[in-house]
Amino acid sequence: MSAHRRPLLLVALSTSLCGLWAGACTTTNNITTIETATDGGGDATQGIDANGGNDTGGGGFDSTTGGDTGAGDDASGGGDGHVVKNDGGSDGGADTGSAGDSASAVECGALPTLHQDEAGTIFCGFDFDAGVNLVCPVGQECCLGGAIDLDAGVFAPQSCATFGTACTNPPDGGAIAIECGQNADCTANGTPAGAVCCLQGATAPAVVPGCGYYRASLGTAIACEAPQTGGTCAAGEVQICSSNVDCPSGKTCTPTKWKIFQVGFCL
């Protein structure tokens with residue numbers, strides 16, 4: 001898959017989709033740059049609806065080391081809706097640690113929803129080259145691509161890797177390994193019984209002002225962990241879920257936005 005270029009609120013698509021945009025496309029060394037007009041709010045015009053509703057235009061491709069965007073429109077009207085697009089502003093500028101949405105006019109988009117996939121399979125975004133959802137099979141994890149050139153906004157595409165190994169997209173590091181979206185993924189991939197799915201290194205989920213749903217930023221991995229007392233993740237981490245059965249007593253699986261995904265958080 002070709003690398004993705006993500007200037008502030010723009011996702012770069014593969015050359016096969018270039019003709020759908022209102023701007024020009026250039027390709028150098030297998031990296032595609034798409035130039036589009038912007039509206040008054042700085043969002044890319046309209047976006048691209050790929051694969052029957054997996055909307056991938058505008059902004060919304062949060063970077064692993066930067067470019068974490070705010071609020072955001074979710075895919076709707078088709079597709080499975082795992083992917084978040086057209087985010088309406090940046091969290092603290094470039095996902096450098098601040099959790100505050102800086103956009104003055106937030107585009108909320110559709111509310112996030114819960115997605116319960118087959119145990120052991122990990123949804124990993126949209127494969128632009130193949131034109132289908134990328135789903136990592138049992139025995140593999142999802143790797144959300146890291147920066148190739150952060151200043152230029154060029155990021156490696158998502159890919160699958162052997163479960164429990166380091167991601168190599170790009171080879172020099174920066175990708176985020178995603179081992180699970182629910183506790184059942186951990187069990188299906190051979191982790192010890194009772195393992196829980198945990199988002200590590202992220203900001204605490206917070207309600208997006210004016211939108212009414214939760215969102216978390218940053219994050220270094222989503223991993224299967226041995227549960228702490230009460231069946232929870234370690235202190236400071238966020239437990240990932242697809243239904244209430246994943247959550248410890250007293251918590252509810254709440255649809256939330258994180259990076260390019262809609263996920264459930266035990267809140």
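In what follows, every heavy atom counts, from backbone to side chain, and hydrogens, waters and symmetry copies are set aside.
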Nearest atoms (heavy-atom pairs only) where Gly210 meets Cys108: O-SG, 3.4 Å

Contact check, side chains of Ile260 and Gln158, non-hydrogen atoms, under 4.5 Å: yes

Check: Gly139 main-chain N/O paired with Asn189 side-chain donor or acceptor under 3.5 Å: yes

Side chains of Cys180 and Ile222 in contact at under 4.5 Å (non-hydrogen atoms): yes

Minimum side-chain heavy-atom gap Phe163-Cys224 below 4.5 Å: yes

Glu118 backbone acceptor or donor facing Thr121 side chain under 3.5 Å: yes

Sidechain-backbone polar pair: Asn133 side chain, Phe126 backbone, donor-acceptor under 3.5 Å: no

Heavy atoms from other residues, nucleotides or ligands near CD of Gln228 exceed 12 (cutoff 6.0 Å): yes

Cys253 and Cys241: CA distance, side-chain angles, deciding distance, disulfide (SG to SG under 2.5 Å) verdict: CA-CA 6 Å; Cys253 189; Cys241 57; 2.1 Å; yes

Under 3.5 Å: donor-acceptor pair, side chain of Tyr213, backbone of Thr254: no

CG-OG1 distance between Asp185 and Thr191, expressed to the nearest 0.5 angstrom: 9.5 Å

Pro205 vs Leu267 side-chain heavy atoms within contact, under 4.5 Å: yes

Verify same cluster id: Leu199, Ile178 (apolar side-chain graph, 4.5 Å): yes

Counterpart residues, side-chain contact (heavy atoms from CB on, under 4.5 Å), relative to Thr165 (two or more places apart): Glu141, Ala161, Thr162

Asn183 side chain to Cys197 backbone, donor-acceptor under 3.5 Å: yes

Hydrophobic cluster identity match, Val238 and Ile176, side-chain contacts under 4.5 Å: yes

Cys160 side chain reached by Leu134 side chain, heavy atoms, under 4.5 Å: yes

Gln262 side-chain N/O to Thr113 backbone N/O, donor-acceptor pair under 3.5 Å: yes

Atom pair CD/NZ of Gln239 and Lys251 - distance to nearest 0.5 Å: 7.5 Å

Least distance between heavy atoms, Ile148 atom then Pro170 atom: CG1-CB, 4.3 Å

Asp149/Phe155 under side-chain contact (heavy atoms from CB on, under 4.5 Å): CA gap, chis, key distance, verdict: CA-CA 7 Å; Asp149 184 340; Phe155 294 82; over 6 Å; no

Heavy-atom pair of closest approach, residues Cys136 and Cys124: SG-CB, 3.9 Å

Non-neighbouring partners of Val263 that pass side-chain contact (heavy atoms from CB on, under 4.5 Å), sequence neighbours left out: Ile240, Trp258, Phe261, Phe265

Co-membership, hydrophobic cluster, residues Ile122 and Val138, 4.5 Å side-chain: no

Closest approach of Lys257 to Ala110 (non-hydrogen atoms, all atoms of both residues): NZ-O, 3.4 Å

Sequence-distant partners of Ser242, side-chain contact (heavy atoms from CB on, under 4.5 Å), two or more places apart: Gln116, Gln182, Asp246

Check: Tyr214 main-chain N/O paired with Thr256 side-chain donor or acceptor under 3.5 Å: no

Any side-chain heavy-atom pair of Pro227 and Cys233 under 4.5 Å: no

Interatomic spacing from CG in Asn169 to OG in Ser159 - rounded to 0.5 Å: 3.5 Å

